[in-house]
Amino acid sequence: MKTLKPLGALTVLFLLVLSACDKDRDLDFLDQITEPQDLRLSVSLAQDNSGTVTFTPTAIGASVFTIEYGDGGGTSEELTPGQQDTHVYAEGTYTATLTAFNLEGESTTLDVEVVVSFRAPENLTVSVLRTGDAFTIDVSATADFAASFEVFFGEVADEEPTPFGIGESASYTYADVGFYDVRVVALSGGAATAEETVTIEISNPIVLPIDFESETIDYNFTDFAGAQSQVIDNPDPSGINTSAKVAEFLKEDGADIFAGTILQLGDPIDFSTFQSFTIDVWSPLAGSTVKLKLENADDPAIATEIDAVTTTTNEWEQLGFDFSEADLTQEYSKVIVFFDFGNTGAGDIFYYDNIEQANVTTGAVVTLPVDFEDDSLDYGIVGFEGAESAREANPVPGGINTSANVVRTTKTVGAQFFAGTIVQLGAPIDFSETTSIRMKSYSPKAGIPVRMKLENSADTSEFVELDVNTTVIDTWETLVWNFTGATGTYDRVIIFYEFIVDLPGDGSTYYFDDIELDLAGGDPGVELPVDFEDPDLTYTIVGFEGADSAVEANAVPGGINTSATVVRTIKTVGAQFFAGTIVELDTPVDFSATQMISINTYSPKAGIPVRLKLENSADPGEFVELDVNTNVIDTWETLTWDFAPLSPTGTYDRVIIFFEFVVDLPGDGSTYYFDDIQLAF
């Protein structure tokens, strides 16, 4: 990499950034500036035979660009993000060099081919590839003497063309199935063009999981031996299955004992993660056999099947089918369902829904509580986005967790900040008695957020998620998430450690165990961190000496604090200068890992002192206190108090906050807000 130090716009921008920071502000962010990445240089040749080329540079982390034209015509002026540059070329092929600079003057370069041709394109070849899903295509093209391309995807009338350059492609997602004419036009520097049209079919094959909800999938049932199947509205949306659509299975009077229906999948089943299936079933018969058979698309002799037995009548239940002992090296792409197998049809009607791969072994279903102790269960632990996760022997038994097995997850170096671990349940979580879930956690870091996400595996857009911070280092602790208001069908638990945006993994290893409903109420009361969000907690907020304080809905959501609830405090007119707000804690502040505390504050005044006092409620003479100034007006900001120089050793179970703590300056009626009192690291 070549490093330059431009003196123009980059220098001015850098000085503006520095001037915006007062001497007390933390400038560590400058150490995090990276070299510019993902450089792109859009090249557009005017179609008037003038040879005019318009350049549009972009990059991640860039503050200034320059472009060396590559034709002996020199280099552009310095460009800031969003600016364009033009240059007139003679006909020919050139290499333009884009240089992107960050705020520290470090640079990255990119060479881009510039073709200036006024001859009509020849030998146009168009490529259309399917990507991502059944409705999305990528179009690319090559042609001699072409400068760029345009594509019409053929779905809408009066379509505006989508441009793409040499070596590039254009992506498009269709709204519906059907046949479409994809027309590609090759452009030169003049008016002459060449074009080609490719007709494509957009179809939506059946894929797992099958929930019968899609309006674009043709659920083409192949019935045999007296079975009749169709998709209908759910006749009994209740219990574990409140979905809108289900499959109806009529076993005709006199139907063969093996009457069934076939669903042809678009691709063979992938058994790399799950070797079992679950199906939601509604049956008028208890003790009736439901057979699930998997078959090869071309050879019916390549097949495997498992039976399950209904246990109830006229209500939805979930049946499990464990194929772990089958020959899963074969390809299976037909799913065949048989109801009341072994008995002649009597005109009974059955319903089924949500055919999906899941964790099922020997008929058992993984449900809460999950303690990872049953060797006969396949817990299907899946780490993703750089998390390496597995069920292992407990390497750190002690304290509240001496169990034999836990889940280990390592957030590898460079892993995405949202790297996490999936625990797939065989049945949805039952929130009828409580909406709180607790889990034992072991972390090498205190004060980091652990996100728990509950998700519907059949519809991943249906989820709830919540963060709870760790409080200790290298010690088992119980974390509790309260999902009040959650109403979805959640059969997947996903755990993310250190869920901090844009903070990649550093190789840290975490452990978790015993995921269960918190039926006994595991919340220890009010303790740090305090976010004032828990409706089951009683927050003792006391304003004194003229401060009017209470927990209220966030009146100014935005910026770093969009939470629902905060503390509002008014320093009433004439209030004592030492008017403040007490927040009582049920557990004293633990300063073993850090002696810093941060609070999100919102103030109508900048530059005023905010005093934070930590006090022993049983002995108010035992306290520490420290002032920190606000920096902004009518904007949420995080203030941090470092008590380390004061060597705090007391038992502090009371947090007291004083806004505008200026001696002999009475209150003027100003309103302040604060939230998220927590240890800072």
### Query
Does T412 reach the main-chain N or O of G386 with its side chain, forming a donor-acceptor pair under 3.5 Å?
yes
### CD (E201) with more than 12 external heavy atoms under 6.0 Å
yes
### Message
If we ignore hydrogens and angles and just use 3.5 Å, is the side chain of E155 paired with the main-chain N or O of A175 as donor and acceptor?
### Response
yes
### Task
Only one of F135, F179, Y180 passes ring pair (Phe, Tyr, Trp, His ring centres under 6.0 Å) with Y174; say which it is.
Y180
### Task
Could you verify whether a donor N or O on one side chain and an acceptor N or O on the other, from S288 and S283, lie under 3.5 Å apart?
no
### Task
Taking side-chain hydrogen bond (donor to acceptor under 3.5 Å, both in side chains) as the test, write out the residues that go with N561, two or more places apart.
S563, D675
### Task
Tell me, please, which residues at least two apart from E516 pass salt bridge (charged side-chain N to carboxylate O under 4.0 Å, His left out).
R438
### Side-chain donor/acceptor of E533 to backbone N/O of T565, under 3.5 Å
yes
### Query
What pairs with K291 under side-chain hydrogen bond (donor to acceptor under 3.5 Å, both in side chains), at least two apart in sequence or on another chain?
E305, D307
### Task
Not counting sequence neighbours, which residues clear salt bridge (charged side-chain N to carboxylate O under 4.0 Å, His left out) with E455? List them please.
K453, R492
### Query
When you look at CD of E325, are more than 12 heavy atoms from neighbouring residues, nucleotides or ligands closer to it than 6.0 Å?
no
### Query
Can we call the ring centroids of F512 and Y442 under 6.0 Å apart?
no
### Query
Between F221 and A247, which heavy-atom pair has the shortest distance, and what is it?
CZ-CB, 4.1 Å
### Query
Minimum heavy-atom separation for E317 to T312, with atom names?
OE2-N, 3.5 Å
### Query
Listed by chain and number, what are the ring-ring contact (aromatic ring centres under 6.0 Å, His included) partners of Y490, not counting sequence neighbours?
none
### Task
For the pair D280 (side chain) and N354 (backbone), establish whether a donor and an acceptor sit closer than 3.5 Å, ignoring hydrogens and angles.
no
### Message
Using the ring-ring contact (aromatic ring centres under 6.0 Å, His included) criterion, which residues pair with F384? Sequence neighbours excluded.
### Response
F496
### Message
Looking at Y379, is its backbone amide N or carbonyl O close enough to the side chain of R391 to form a donor-acceptor pair, meaning the two atoms are under 3.5 Å apart?
### Response
no
### Query
F339 vs F249 aromatic rings, parallel, tilted or perpendicular, using cut-offs 30° and 60°?
tilted
### Query
Among side-chain atoms of S229 and Y219, is any donor-acceptor pair under 3.5 angstrom?
no
### Summary
D236 meets the side-chain hydrogen bond (donor to acceptor under 3.5 Å, both in side chains) criterion, sequence neighbours left out, with S238, W282
### Message
Would the distance check show the side chain of Q264 and the main-chain N or O of S333 forming a donor-acceptor pair, the cut-off being under 3.5 Å?
### Response
yes
### Query
Of all residues at least two apart in sequence or in a different chain, which pass the ring-ring contact (aromatic ring centres under 6.0 Å, His included) check with F224?
F338
Side-chain donor-acceptor contacts of residues 341-353 below 3.5 Å, not counting sequence neighbours, with atom names and distances?
{"residue": "N343", "atom": "ND2", "partner": "D340", "partner atom": "OD1", "Å": "2.9"}
{"residue": "D353", "atom": "OD2", "partner": "N241", "partner atom": "ND2", "Å": "3.1"}
{"residue": "D353", "atom": "OD2", "partner": "S243", "partner atom": "OG", "Å": "2.6"}

### Task
Name all residues meeting the salt bridge (charged side-chain N to carboxylate O under 4.0 Å, His left out) criterion together with R451; count only those two or more places apart in sequence or in a different chain, and write none if there are none.
E465, D467
### Task
Only counting residues at least two apart or in another chain, list the ones meeting salt bridge (charged side-chain N to carboxylate O under 4.0 Å, His left out) with E498.
K445
### Query
Hey, are S214 and T216 close enough side-chain-wise for a donor-acceptor pair under 3.5 Å?
yes
#### Entry: ring-ring contact (aromatic ring centres under 6.0 Å, His included) partners for F153, two or more places apart
Y172
### Message
Between Q357 and F274 (side chain of the first, backbone of the second, donor and acceptor by atom type, cut-off under 3.5 Å), is there such a pair?
### Response
yes
### Query
Quick one: do the S389 and T409 side chains pair a donor with an acceptor below 3.5 Å?
yes
